[in-house]
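This report concerns only the one structure given below.
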2 protein chains.
Amino acid sequence: MLKPALEPQGSDPALLDRLAAIVGSPHVIADRDSMTDYLVEPRGKWPGSAHAIIRPGSTAEVSAVLRLCQETATAVVPQGGNTGLVGGQMPMDREIVLSLRRLDRVRAVEPMSNSIIVEAGVTLARVRDEAEAVDRMFPLSLASEGSCTIGGNLATNAGGTAVLAYGNARDLVLGLEVVLADGRVLRGLNTLRKDNTGYDLKHLFMGSEGTLGVITAAALKLWPRPLDEAAAFVGLRTPAEALDLLALAQKQAQVTSFELIPRIGIEFTTKHAGARDPLTEHHPWYVLLDAASSTVGGAAADIGNVLEEAFERDLIGDATVSASIDQRRAFWRLRESLSDVQRLEGGSIKHDIAVPLSAIPTFLAEADAAVERLIPGVRVVAFGHVGDGNLHYNLSQPLGADQASFLGRWEEVNAVVHGIVTRLGGSISAEHGIGQSKRDLLPEVKDPTALALMHTIKQALDPKGILNPGKVLQR
Amino acid sequence: MLKPALEPQGSDPALLDRLAAIVGSPHVIADRDSMTDYLVEPRGKWPGSAHAIIRPGSTAEVSAVLRLCQETATAVVPQGGNTGLVGGQMPMDREIVLSLRRLDRVRAVEPMSNSIIVEAGVTLARVRDEAEAVDRMFPLSLASEGSCTIGGNLATNAGGTAVLAYGNARDLVLGLEVVLADGRVLRGLNTLRKDNTGYDLKHLFMGSEGTLGVITAAALKLWPRPLDEAAAFVGLRTPAEALDLLALAQKQAQVTSFELIPRIGIEFTTKHAGARDPLTEHHPWYVLLDAASSTVGGAAADIGNVLEEAFERDLIGDATVSASIDQRRAFWRLRESLSDVQRLEGGSIKHDIAVPLSAIPTFLAEADAAVERLIPGVRVVAFGHVGDGNLHYNLSQPLGADQASFLGRWEEVNAVVHGIVTRLGGSISAEHGIGQSKRDLLPEVKDPTALALMHTIKQALDPKGILNPGKVLQR
């Protein structure tokens with residue numbers, strides 16, 4: 001299972017010369033120190049080992065590199081901003097890392113067509129800025145948006161906080177330019193809203209984590225900027241009541257985000273991140289709700305109506321609506337610091353799960369009981385995009401426990417939690433992908449016909465297996 | 001190019017017996033009269049010739065039928081409500097027609113998860129009704145919704161009037177159940193909003209017109225029903241001003257439909273369909289705009305604000321906002337009768353094109369000039385989903401012209417119009433698909449790498465070529 005499909009390329013200096021002839025010598029990085037940036041990923045779990053980092057500057061260069069790699073059966077790991085959380089962007093076995101960061105041009109901005117065409121290496125933050133500059137909005141939003149690149153966002157079908165209203169990354173795409181394993185360039189950068197001329201090829205590449213082709217540019221959808229936005233921070237008793245609040249809110253407001261936060265999350269952020277508790281009383285659960293409106297002042301008014309009815313129905317205990325942009329930002333800073341503050345409470349065992357919305361309360365009840373049985377005193381910090389059925393079901397070590405021995409139980413805890421998720425018809429990777437991290441779990445949770453079809457497609461598109469080998473699928 | 005890949009099955013009575021053993025004798029229809037319903041399509045352009053119609057009653061029966069067809073190299077044409085406009089559902093060469101109409105169960109309705117699971121043969125109207133029954137909304141809406149089936153809608157990635165706000169049919173899908181060419185069943189009916197466990201397989205089948213697999217059931221997204229809806233009928237001078245109105249409206253209202261209608265369309269509908277001209281003065285162009293709101297009375301108020309600003313900017317000549325549900329329906333009846341009334345004006349040569357939104361005015365100017373050069377006096381009836389860049393660019397014969405000789409120029413006119421579309425980066429089939437109608441045009445307009453990849457995928461998923469042969473792709 002772990003045997004390399006291809007020979008490591010470490011012994012072929014001529015290959016590097018040929019690569020340098022394509023991208024220029026300064027863009028072939030082969031010394032250990034200079035490679036470090038590309039070989040250490042955010043979780044520190046999957047140390048990379050590469051023959052070299054290749055930094056092409058254009059689609060034509062990517063095409064030439066892949067043609068050469070195809071000819072020489074050289075394995076290639078595409079990489080964007082190196083922010084992925086499942087090791088998908090890390091070379092495992094002295095492959096070539098193909099960094100897309102130099103493909104960083106904005107090729108076209110078309111406010112009238114509500115579209116923008118950008119190259120893979122443009123950061124997400126820059127895409128958002130370019131949209132704002134023409135009074136438009138690109139809704140994908142992630143904590144890492146300053147450094148992650150749009151190519152990586154699309155290759156991994158990133159999620160984030162605005163999925164409820166705008167969909168996952170794949171839903172924001174009109175067209176793609178992709179270099180195939182043999183160097184052919186699929187030119188699909190149209191900005192059409194409707195095009196039924198044949199099979200939809202773009203969705204194959206999105207979410208395939210660089211195993212089927214290398215995305216070099218994308219035509220993205222833009223939206224009008226909402227005239228008005230507001231947020232509410234709501235305290236309530238149970239996740240079931242959070243779901244009732246969601247249904248109520250979606251009826252009466254344009255809800256763009258709906259995030260669940262447990263009491264322990266407020267405690268961690270007030271203790272470690274200097275956050276202020278937005279509500280005076282303590283509540284077992286909190287919801288951070290964002291709404292937009294096409295009327296000035298409409299968002300806060302809509303939220304006000306929702307909260308009024310929620311109080312009447314006794315769904316919520318307390319709530320506050322953002323009175324200013326600063327206050328709305330403070331709510332969001334609290335939400336976004338939840339991952340970081342966990343680090344200051346010792347080891348964390350993490351999950352990125354989704355279940356059908358109606359199964360959220362059952363999932364939490366069953367998983368909480370199961371992990372407490374496994375590790376008495378474990379502190380559950382379950383938070384995230386509950387409006388999408390997606391929770392980061394993270395566990396902080398018991399107070400005073402030994403960090404290493406706690407973390408040593410990662411797989412065991414995962415197995416129990418994933419078992420519950422699977423039984424409820426859920427996903428063990430809602431938004432982070434498979435990468436190295438969950439590759440060997442995939443056969444356990446995936447429909448066997450779906451898995452077989454994935455292998456069929458991999459074989460058809462990359463018969464030599466040079467694209468990101470050993471990621472997503474076992475070799 | 002037109003040679004059959006497989007032998008016609010007309011000479012094998014044993015095959016029908018084996019099929020009858022799977023689906024039951026009453027569901028194998030082989031006599032000519034009873035087959036008629038399945039072999040005549042709406043445009044009367046592609047007469048079908050079938051060995052038999054097979055009507056399975058379950059996914060297991062579809063699977064068994066395809067296993068047998070795979071074993072015997074029997075070609076199969078999947079068919080839903082038989083409303084397609086490009087001949088995709090018509091057998092060309094005595095194939096077996098696989099009618100999915102008996103797969104008509106609603107498997108699950110989950111208002112809390114905003115989802116519904118239906119089998120392929122459920123009509124679109126029924127999906128919409130089932131959603132309404134639980135206070136939800138399924139936004140796909142087509143003139144043929146009473147008879148078209150959801151399986152066909154998804155296999156062809158149907159468009160319709162609500163794409164602007166909700167996307168094409170493929171965007172309304174959470175998961176699919178699909179029977180592959182060899183009878184294996186892909187079980188992907190999950191209702192998750194986020195699932196990044198491997199390749200997205202469902203989008204391959206949507207829009208592939210039954211050439212890669214047979215969709216037997218779908219998990220669909222539902223939405224909260226809008227608290228309020230209203231429509232406006234607007235008269236204006238040019239398509240460019242219609243686009244300016246769209247940008248203005250999208251900023252200040254939740255625009256769900258934005259349809260363009262030319263003056264000649266009003267004349268045809270008032271003359272033939274008993275419609276009342278909604279405005280007192282005549283205008284060269286009209287827009288039918290629908291908006292929703294999460295506030296009671298909000299839709300009409302938002303539209304009012306939009307129209308007020310549009311008047312101030314001199315974008316529009318006159319407008320009326322629907323004062324009642326009946327009036328809104330009357331606006332829509334006018335819009336939806338546009339295809340029918342053209343029939344009463346003689347022959348029509350049709351196009352289903354899309355261009356980037358900003359190219360709409362250029363397209364209309366160039367195409368109008370080109371078709372007038374070809375056929376002086378031709379009457380252009382360009383209408384449709386202009387908010388999506390999609391127009392039904394239809395041409396009624398010149399007054400007093402001979403219908404047959406006008407229709408005889410269909411291909412010649414298509415070639416000219418499609419040439420302009422292609423030059424503007426557009427699509428020659430925005431929502432109707434390829435089927436038989438545009439199969440031989442595809443190689444002229446499609447990126448060669450995309451077309452090659454389509455063949456690669458067809459070969460990988462259906463190596464014997466039994467699924468809807470000769471549709472979409474040349475054999």
Side-chain angles (χ1 to χ4, degrees), chain A residues 110 112-113 157 159 163 168 171 184-188 190-201 203-204 206-208 224 227 243 247 250-254 294 302 354 356-358 388-390 425-434 442 445-447 449-450 453-454 456-457 460 472, chain B residues 110 112-113 157 159 163 168 171 184-188 190-201 203-204 206-208 224 227 243 247 250-254 294 302 354 356-358 388-390 425-434 442 445-447 449-450 453-454 456-457 460 472:
Chain A
E110 291 264 6
M112 174 167 278
S113 299
N157 185 31
V163 174
N168 294 286
D171 301 309
R184 280 179 299 165
V185 181
L186 185 67
R187 300 189 192 277
N190 79 53
T191 58
L192 303 173
R193 299 280 156 167
K194 284 177 160 180
D195 181 19
N196 272 346
T197 55
Y199 305 163
D200 190 302
L201 301 170
H203 282 292
L204 263 187
M206 292 186 284
S208 72
L227 272 187
L243 296 183
Q250 285 186 307
K251 186 89 191 170
Q252 300 186 18
Q254 285 183 60
S294 41
D302 288 349
L357 217 55
S358 53
D388 312 313
N390 174 201
S427 170
I428 65 164
S429 183
E431 57 175 13
H432 294 165
I434 298 298
L442 202 55
V445 300
K446 199 79 182 166
D447 171 55
T449 305
L453 196 48
M454 285 170 61
T456 300
I457 287 167
V472 186
Chain B
E110 292 263 6
M112 175 167 277
S113 298
N157 185 33
V163 173
N168 294 285
D171 301 310
R184 280 180 300 165
V185 181
L186 186 68
R187 300 189 191 280
N190 80 51
T191 59
L192 304 172
R193 299 281 156 168
K194 284 176 159 180
D195 181 20
N196 271 345
T197 55
Y199 305 162
D200 190 302
L201 301 170
H203 282 292
L204 264 187
M206 292 186 285
S208 72
L227 272 187
L243 296 182
Q250 285 186 308
K251 186 90 190 170
Q252 300 186 19
Q254 285 182 59
S294 41
D302 288 350
L357 217 55
S358 53
D388 313 312
N390 174 201
S427 169
I428 65 163
S429 183
E431 57 175 13
H432 295 163
I434 297 298
L442 203 56
V445 300
K446 200 78 184 169
D447 170 56
T449 304
L453 197 47
M454 284 172 61
T456 300
I457 287 168
V472 185

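The analysis underlying the following values was restricted to heavy atoms, covering all of them including side chains, and did not include hydrogens, waters or symmetry mates. A note on names: the letters A, B, ... follow the listed sequences, proteins ahead of strands, and every chain is numbered from 1.
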Could you tell me which portion of [X] (side chain, backbone, both or neither) has an atom closer than 4.5 angstrom to a non-hydrogen atom of chain A?
X	result
B/Ile428	both
B/Glu110	side chain
B/Asn196	both
B/Leu186	both
B/Val445	neither
B/Asp195	both
B/Lys251	both
B/Asp388	both
B/Ile434	both

Who among [options] has the most heavy-atom pairs with chain A under 4.5 Å?
options	answer
B/Asn390, B/Ile457, B/Asn190, B/Val472	B/Asn390
B/Leu201, B/Asp171, B/Thr191	B/Leu201
B/Leu192, B/Leu357, B/Val163	B/Leu192
B/Gly433, B/Gly389, B/Gly207	B/Gly433
B/His203, B/Glu431, B/His432	B/His203

Exercise for review: Could you tell me whether a side-chain N or O of B/Arg193 sits under 3.5 Å from a main-chain N or O of A/Pro356, the two making a donor and an acceptor?
Suggested key: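 Pair absent, no side-chain N/O of B/Arg193 close to backbone of A/Pro356.
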Point to revise | From CA spacing to verdict: side-chain contact (heavy atoms from CB on, under 4.5 Å), A/Gln252, B/Leu227 | key: CA-CA 7 Å; A/Gln252 300 186 18; B/Leu227 272 187; 4.1 Å; yes
Exercise for review: Take B/Leu243 and A/Met112 through the test side-chain contact (heavy atoms from CB on, under 4.5 Å) and record every step on the way to the result.
Suggested key: CA-CA 8 Å; B/Leu243 296 182; A/Met112 174 167 278; 4.1 Å; yes
Check your understanding: Between A/Asn168 and chain B, which part of the residue has a heavy atom less than 4.5 Å away: side chain, backbone, both or neither?
Key -> side chain
Point to revise | Minimum heavy-atom distance B/Gly198-A/Met454, with the two atoms named | key: CA-CE, 3.6 Å
Review point. For B/Ala430 and A/Lys194, which heavy atoms make the closest approach, and how far apart are they?
Key: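 Scanning both residues, the minimum pair turns out to be O-CB, 3.5 Å.
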Review point. side-chain contact (heavy atoms from CB on, under 4.5 Å) between A/Tyr199 and B/Leu453: does it pass, once the steps are laid out?
Key: CA-CA 9 Å; A/Tyr199 305 163; B/Leu453 197 47; over 6 Å; no
Practice item. Decide whether B/Thr197 and A/Ser429 meet the rule of one side-chain donor and one side-chain acceptor closer than 3.5 Å. Key: no
Review point. Looking at A/Thr456, A/Val185, A/Asp200, which one has more heavy-atom pairs under 4.5 Å with chain B than the rest?
Key: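 Of the candidates given, the most pairs with chain B belong to A/Asp200.
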Exercise for review: Between chain B and each of A/Ala253, A/Ala247, A/Gly159, count heavy-atom pairs under 4.5 Å; write down the option with the most.
Suggested key: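 Option with the greatest count: A/Ala253.
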Exercise for review: State the CG-CD distance between A/Asp302 and A/Gln254, to the nearest 0.5 angstrom.
Suggested key: 7.5 Å
Practice item. Carefully, step by step, assess A/Thr449 and B/Arg187 under the rule side-chain contact (heavy atoms from CB on, under 4.5 Å). Key: CA-CA 8 Å; A/Thr449 305; B/Arg187 300 189 191 280; over 6 Å; no
